[in-house]
**Student:** 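Got a structure for you, questions after.
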There are 2 protein chains.
Amino acid sequence: MSDTIADRFDRIRVPSAYEMVAEAIEAEIVSGRLRPGDEIGTEAALVRQFGVNRSTVREGIRVLEQGGLVRREAGRKLYVCEPRYDALSSRISRALVLQDVTFRELFDAALILEVGAVEGAVAHADAEVIAALEANQSRIEQAIGNPVLLSEIDTEFHALVAHASRNRVLELAREPAALLFFPSSEMICRRVPEGGPRMVEAHRRIIDAIKARDLELARLWMRRHLVDWRKGFVRAGREIDAPVERIFARYALSRSAL
Amino acid sequence: MSDTIADRFDRIRVPSAYEMVAEAIEAEIVSGRLRPGDEIGTEAALVRQFGVNRSTVREGIRVLEQGGLVRREAGRKLYVCEPRYDALSSRISRALVLQDVTFRELFDAALILEVGAVEGAVAHADAEVIAALEANQSRIEQAIGNPVLLSEIDTEFHALVAHASRNRVLELAREPAALLFFPSSEMICRRVPEGGPRMVEAHRRIIDAIKARDLELARLWMRRHLVDWRKGFVRAGREIDAPVERIFARYALSRSAL
DNA sequence: TTTTCCGCTTTGTCCGACAAACGGTCTCAC
DNA sequence: GTGAGACCGTTTGTCGGACAAAGCGGAAAA
């Protein structure tokens with residue numbers, strides 16, 4: 001009977017105790033009354049304050065831990081943590097993989113995000129970041145011929161460029177895609193031998209463009225660098241419209257768990 | 001003594017039982033052996049299978065729930081859920097707020113992400129999404145003068161544009177920023193009366209450009225639309241380099257919790 | 001056939017308990 | 001006096017058992 005009438009009201013959600021525990025602590029953190037580094041207190045203390053059972057407190061703590069708001073230092077005290085992205089990014093990467101996003105989507109998004117990041121880097125890079133980029137460059141020049149190292153250093157390069165933009169929103173926005181995108185360059189370098197040198201040259205040009213504050217040149221070489229990746233991907237015999245395999249998700253996850 | 005020697009080994013992390021429970025179930029989901037919609041089983045069943053206590057199983061379940069991998073249907077059975085972003089995006093928004101990102105960062109990132117999204121929309125929008133955009137437009141034309149509605153419909157408009165790009169990576173990448181960015185347009189419309197009509201015109205032009213597959217025009221009007229926002233922000237007397245207030249985080253969180 | 005009621009299942013919460021790991025203190029040998 | 005080691009209380013991770021409330025399904029009643 002009632003299913004023939006349009007529902008006027010939403011279902012009422014009664015929050016459970018462990019959710020209220022989590023929300024109470026979260027409110028303290030979001031409002032700033034608890035600051036990163038502060039300790040939350042022992043489980044027993046929380047039991048006293050909230051007047052609920054320890055199991056309930058513990059479930060609430062799990063929620064906060066997963067949300068990246070608190071952190072347990074090596075099985076010991078609970079601290080409010082300075083917001084860490086890694087855990088969140090890897091969770092998003094996992095969601096992307098589960099949705100079977102394609103490499104084309106990944107590539108199109110990376111093009112937008114990485115070019116955006118290098119634009120920001122041209123505008124805001126300071127000496128410190130540029131030094132880090134140069135250090136990265138000298139390492140990658142040593143690593144030609146070693147696909148595993150190449151891919152790792154390349155991933156770090158792009159993270160550094162994003163960091164140079166001094167835009168934490170952008171830095172975060174690109175991370176889930178990067179986590180899935182760059183590991184595959186290992187596979188490419190393995191199968192396309194000229195991939196390594198081309199990558200090293202592109203990085204060199206990008207760093208130079210950032211140092212020269214040359215927006216157009218930076219854009220150009222970042223774009224070229226990524227298009228190279230796509231070419232290599234195809235030449236390595238991969239289908240660009242195929243979904244990102246779930247293998248990569250596992251890889252991204254296991255790395256971030258460390 | 002040992003702190004004078006460079007540490008060779010990382011601390012060994014012994015995974016606790018509830019983490020292993022969570023990982024075991026996660027592995028089933030990521031590998032595809034458990035598909036969205038499948039049910040996980042009752043807590044009692046998991047207790048039997050894993051041979052651990054129910055409290056332990058429950059903590060593991062909390063972890064998965066927060067990770068957006070499983071979902072409890074109204075206090076009842078556990079299902080593998082089709083990956084939902086909302087929860088994850090709001091968590092990232094929260095992290096951004098806690099880092100005190102500025103409106104300028106938000107604006108710069110939104111410029112890159114939204115222009116990127118509209119580029120994708122020009123390339124990939126289909127009739128269905130365009131119809132949805134038109135419906136959104138007719139609603140916003142009715143809403144001029146109502147800041148709350150305007151801001152809501154504007155937020156939906158941008159989500160639709162991103163969806164039209166048929167790029168789930170980009171769609172997801174923009175969401176955390178959007179969650180923080182667009183709600184503030186309510187404040188702007190409230191204080192800058194001509195904001196409403198300008199927003200409506202920009203949307204109209206963007207939709208037309210998408211329909212005409214005119215890349216440059218779409219870019220132009222999206223950029224103009226966002227720059228308008230920034231102008232309004234300043235004219236409303238707000239400081240663009242000030243951190244996003246924590247109020248907005250709460251707003252974004254409470255919306256996504258529904 | 002429809003409504004109502006009853007009992008079973010499952011979740012949310014509680015209580016009490018214990019081993020292992022950790023932190024701090026105290027003692028003892030040097 | 002100082003350092004090493006033993007000792008002890010605290011805290012976490014896990015366990016077993018228990019109960020009320022809510023949801024589900026089938027039987028009984030209208």
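Naming: A, B, ... by sequence-line order, numbering from 1 per chain. Reckoned from all heavy atoms, side chains included, excluding hydrogens, waters and symmetry mates.
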**Student:** Distance check needed: dT9(C) P versus Arg48(B) CZ, whole Å only.
**Tutor:** 12 Å
**Student:** CG of Leu46(A) versus C1' of dT10(D): gap in Å, rounded?
**Tutor:** 15 Å
**Student:** Tell me whether Arg62(B) is salt-bridged to Glu65(B), with the criterion being a basic N under 4.0 Å from an acidic carboxylate O.
**Tutor:** yes
**Student:** Can you name the residues that form a side chain to side chain contact (heavy atoms under 4.5 Å, CB included) with Ser55(A), not counting sequence neighbours?
**Tutor:** Asn53(A)
**Student:** Among residues at least two apart in sequence or on other chains, which ones pass ring-ring contact (aromatic ring centres under 6.0 Å, His included) with Tyr18(B)?
**Tutor:** none
**Student:** Given atom CG of Leu78(A) and atom P of dC22(C), what is their separation to the nearest angstrom?
**Tutor:** 16 Å
**Student:** Considering residues at least two apart in sequence or located in another chain, which fulfil the salt bridge (charged side-chain N to carboxylate O under 4.0 Å, His left out) criterion with Glu105(B)?
**Tutor:** Arg168(A)
**Student:** Return the value, rounded to whole Å, for the distance between atom CD of Glu39(A) and atom P of dG23(C).
**Tutor:** 12 Å
**Student:** Could you tell me how far apart Arg72(A) (CZ) and dA21(C) (P) are, to the nearest whole angstrom?
**Tutor:** 16 Å
**Student:** Using salt bridge (charged side-chain N to carboxylate O under 4.0 Å, His left out) as the criterion, list what pairs up with Glu23(A), not counting sequence neighbours.
**Tutor:** none
**Student:** Find the distance Arg71(A):CZ to dT12(D):C1' and express it as a whole number of Å.
**Tutor:** 18 Å
**Student:** Phosphate oxygens OP1/OP2 of dG13(D): is one of them under 4.0 Å from a side-chain N or O of Arg62(A)?
**Tutor:** yes
**Student:** Could you pull out the protein-nucleic contacts involving nucleotides 13-16 of chain C (nitrogen or oxygen on both sides, under 3.5 Å)?
**Tutor:**
{"residue": "dT13(C)", "atom": "OP1", "partner": "Ala17(A)", "partner atom": "N", "Å": "2.2"}
{"residue": "dT13(C)", "atom": "O4", "partner": "Arg54(B)", "partner atom": "NH2", "Å": "2.9"}
{"residue": "dC14(C)", "atom": "OP2", "partner": "Asn53(A)", "partner atom": "N", "Å": "2.8"}
{"residue": "dC14(C)", "atom": "OP2", "partner": "Thr56(A)", "partner atom": "OG1", "Å": "2.8"}

**Student:** Sort and list the pairs that fulfil salt bridge (Lys or Arg N to Asp or Glu O under 4.0 Å) and have at least one residue in residues 155-167 of chain B, not counting sequence neighbours.
**Tutor:** Asp126(B)-Arg166(B), Arg139(B)-Glu156(B)
**Student:** Could you tell me how far apart Ile40(B) (CD1) and dT10(C) (C1') are, to the nearest whole angstrom?
**Tutor:** 16 Å
